[in-house]
**Student:** 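Can you keep this structure in mind? I'll have questions shortly.
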Amino acid sequence: MGEAGPVGGLRMREGQGEFFRGEPPSFAQPDARSDRIGVIDVGSNSVRMVVFDGPCRTPAVLYNEKVLCGLGSELDRTGRLAPEGARRALRALSRFTALAPQLRVGALAGIATAAVREAADGPDFVEEVARRSGIRLRVVSGSEEAELAARGVLFGNPGAEGVVADLGGASLEFCWLAGGHAERGLTTPLGPLRLKARARRGAAIGAEIDRYLATVADSYRVSGGTLYLVGGAFRALARAQMHRTHYPLKVLHEYRLSADTALGLAEWVQHQRTDRLAAITGIGSGRAQHMAVSGRLLGALVRSLDPAWVQVSGFGLREGVCLENLAAGLRDEDALLAGAREQERRRARIPGFGEELGTWLADLLEPADAREDRLIRAAALLADVNWRTHPDYRAVACWETVTRINLTDLGHAGRAFLGLALVSRYKSLRKAAERTEAVALLSPAEQARATQLGLAMRLGGVLAGSGTGVLAYCPARRQDGRLVLTLSGPALPFSGEEVEKRVAALARAMDLDWQLTDTSDS
């Protein structure tokens, strides 16, 4: 495969597994002070490196680079890796191992999946990778690949229950999710690269799909439950569906379709030109040319496994590896609240205020259920993260907070609720919030509730100056048709006209009278 000198490799730190061996040169040693986790994923169609910035339950993606190599494009015909794909993959891996120390990666894991696992020259490729880059790839079995992808779904949705279908270039994996665990992983050779290769040799793609699914359907039928879709091919289909339906929120993760809608999408995509699909999804023509086959697979999955819902996961194998390498205490944290807490730590004026505000808001607004309580507490943690933004752009910044940062496990309606609450936290921006298309995901009652939450956050922020140690002395309650705010002890000096104005605004939104009392004469 050519000659090249070693460019360095990285070890997992002690206690995090040994995915790399050999002694890398000093410039490539992992940063012992860093909690950043790097994952290199050598797939059948692409080779990618993702670096997660820790330590936290939902670490942000610090770096993400992909090369479409097509390693498995000739696997079904020759039983070997595509020579040009192998050359491009080796070059990409050498670059990734050079980048890792520049990005201060503390632990780096390398995973190879179906193409390398099944190719006759897969072991030779692994040795060549080790010689050139110092990486000893972990070649996972089909069941391991399926279970890692399912753990990636748990990374984003710890309470997920149902079946995961992970579509790669050369394979389609299945795995059950139950009770927070990934179980019974299985792989099939139903990747678009293989199916198209067989079609070129005269095989009927539909018959090939039906033949394999008939052998697994009984084991993975999820009648009435949820089918979770993992992989770039499925995400491309979801992006196309968002475009054709003018969906108001451009977030793929947790995008949810009924089974009938998914079947309609599967049928529609098979009749579209590749160039049009590439244009509306923003993906390259290389991936767009596989969308018709992916659509056929989606339709067959829905018919065979009988889900009521199909939900897209923005996470997969790489996040599953990241979850494996998180400390046990971090893995057990609430994903939404941990992500919001990390944003407050990084961006708020006085971190810690959000926790106090969340408790104060819960007492005031009396959440209807556990879901609303989580959303209120998440909003409180995010209430002050946009303080640096110019007032003219805060509406945009608030929506970007819930659509572009690393928040998960809240659903699309939850994102819209948080966005409207954060925008309503700024009085002058309420009309901008009402014009935002994502608000259409909420019922009128939910919109009113989010607006009340925003006004309550504004009151709490004004009252305490977004600082800690005050709100405990300022309980606000509904009493006999009134909103009563009581100041006591250290909070007595915090009364003022601005506070009265914010109490009155919140009371109007709640259809209540209001009263401000203090205990100075008690």
Side-chain angles (χ1 to χ4, degrees), residues 1-13 16-32 34 36-53 61-75 80-140 145 148 168-170 193 232 284 286-287 317-318 321-322 325:
M1 293 186 181
E3 297 296 328
V7 298
L10 299 176
R11 290 178 181 271
M12 299 294 290
R13 293 201 306 277
Q16 292 183 296
E18 188 181 17
F19 293 164
F20 302 94
R21 300 181 178 87
E23 291 300 329
S26 60
F27 75 86
Q29 291 288 347
D31 188 334
S34 176
R36 292 175 178 172
I37 298 170
V39 181
I40 293 177
D41 177 6
V42 181
S44 301
N45 195 36
S46 65
V47 175
R48 185 191 296 262
M49 180 172 76
V50 177
V51 177
F52 299 94
D53 190 20
V61 173
L62 181 77
Y63 190 81
N64 187 338
E65 183 175 330
K66 174 185 68 178
V67 180
L68 290 172
C69 300
L71 263 180
S73 60
E74 300 180 16
L75 185 62
R80 300 176 67 84
L81 300 174
E84 175 61 16
R87 184 194 67 79
R88 296 182 66 194
L90 286 166
R91 186 181 184 196
L93 291 168
S94 293
R95 168 174 164 76
F96 293 162
T97 53
L99 279 173
Q102 298 297 109
L103 295 167
R104 291 191 298 147
V105 171
L108 182 64
I111 304 293
T113 55
V116 176
R117 177 174 68 240
E118 298 178 21
D121 56 344
D124 294 336
F125 177 80
V126 170
E127 292 302 320
E128 184 72 1
V129 169
R131 189 182 69 79
R132 288 194 179 207
S133 66
I135 295 178
R136 174 63 63 178
L137 292 174
R138 173 188 175 191
V139 183
V140 295
E145 181 178 356
L148 281 171
L193 293 177
R287 174 156 279 170
L317 180 143
R318 292 176 293 274
V321 174
C322 180
N325 284 279

**Student:** Can you list the residues that meet the side chain to side chain contact (heavy atoms under 4.5 Å, CB included) rule with A119, with sequence neighbours excluded?
**Tutor:** L75, L81, D121
**Student:** For a quick test of reading the model, state the closest non-hydrogen atom pair linking S44 to A170 and the distance between them.
**Tutor:**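 Looking at all heavy atoms of both residues, the shortest contact is OG-CB, 3.2 Å.
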**Student:** May I ask you to test the V42-L93 pair for a side-chain heavy-atom distance under 4.5 Å?
**Tutor:** yes
**Student:** Any side-chain heavy atom of I37 sitting closer than 4.5 Å to one from V105?
**Tutor:** no
**Student:** Give the C-alpha distance, both sets of side-chain angles, the deciding distance and a yes or no for side chain to side chain contact (heavy atoms under 4.5 Å, CB included) between L90 and E128.
**Tutor:** CA-CA 8 Å; L90 286 166; E128 184 72 1; 3.8 Å; yes
**Student:** Applying salt bridge (Lys or Arg N to Asp or Glu O under 4.0 Å), run through R132 and E127 and close with a yes or a no.
**Tutor:** CA-CA 9 Å; R132 288 194 179 207; E127 292 302 320; over 6 Å; no
**Student:** Between V116 and A112, which heavy-atom pair has the shortest distance, and what is it?
**Tutor:**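 That closest heavy-atom pairing would be CB-CB, 3.8 Å.
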**Student:** Closest heavy-atom contact between F125 and A89?
**Tutor:**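 The pair with the smallest heavy-atom distance is CZ-CB, 4.0 Å.
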**Student:** For V140, check side chain to side chain contact (heavy atoms under 4.5 Å, CB included) against everything at least two apart and list the hits.
**Tutor:** I111, T113, R117, R138, E144, E145, L148
**Student:** Working to the nearest 0.5 Å, report the span between OG of S46 and CG of D41.
**Tutor:** 6.5 Å
**Student:** By salt bridge (Lys or Arg N to Asp or Glu O under 4.0 Å), which residues pair with D53, not counting sequence neighbours?
**Tutor:** R36, R346
**Student:** What pairs of donor and acceptor atoms, side-chain ones from residues 61-71 against any protein atom, are under 3.5 angstrom apart with sequence neighbours left out?
**Tutor:**
residue: Y63; atom: OH; partner: E65; partner atom: OE1; Å: 2.4
residue: Y63; atom: OH; partner: R95; partner atom: NH2; Å: 3.3
residue: N64; atom: OD1; partner: R48; partner atom: NH1; Å: 2.7
residue: E65; atom: OE1; partner: R95; partner atom: NE; Å: 3.3
residue: E65; atom: OE1; partner: R95; partner atom: NH2; Å: 3.0
residue: E65; atom: OE2; partner: R95; partner atom: NE; Å: 2.8

**Student:** Between F96 and V47, does a side chain to side chain contact (heavy atoms under 4.5 Å, CB included) hold up when you go through it step by step?
**Tutor:** CA-CA 10 Å; F96 293 162; V47 175; 3.8 Å; yes
**Student:** Apply salt bridge (Lys or Arg N to Asp or Glu O under 4.0 Å) to R88 and list each qualifying residue two or more places apart in sequence or on a separate chain.
**Tutor:** none
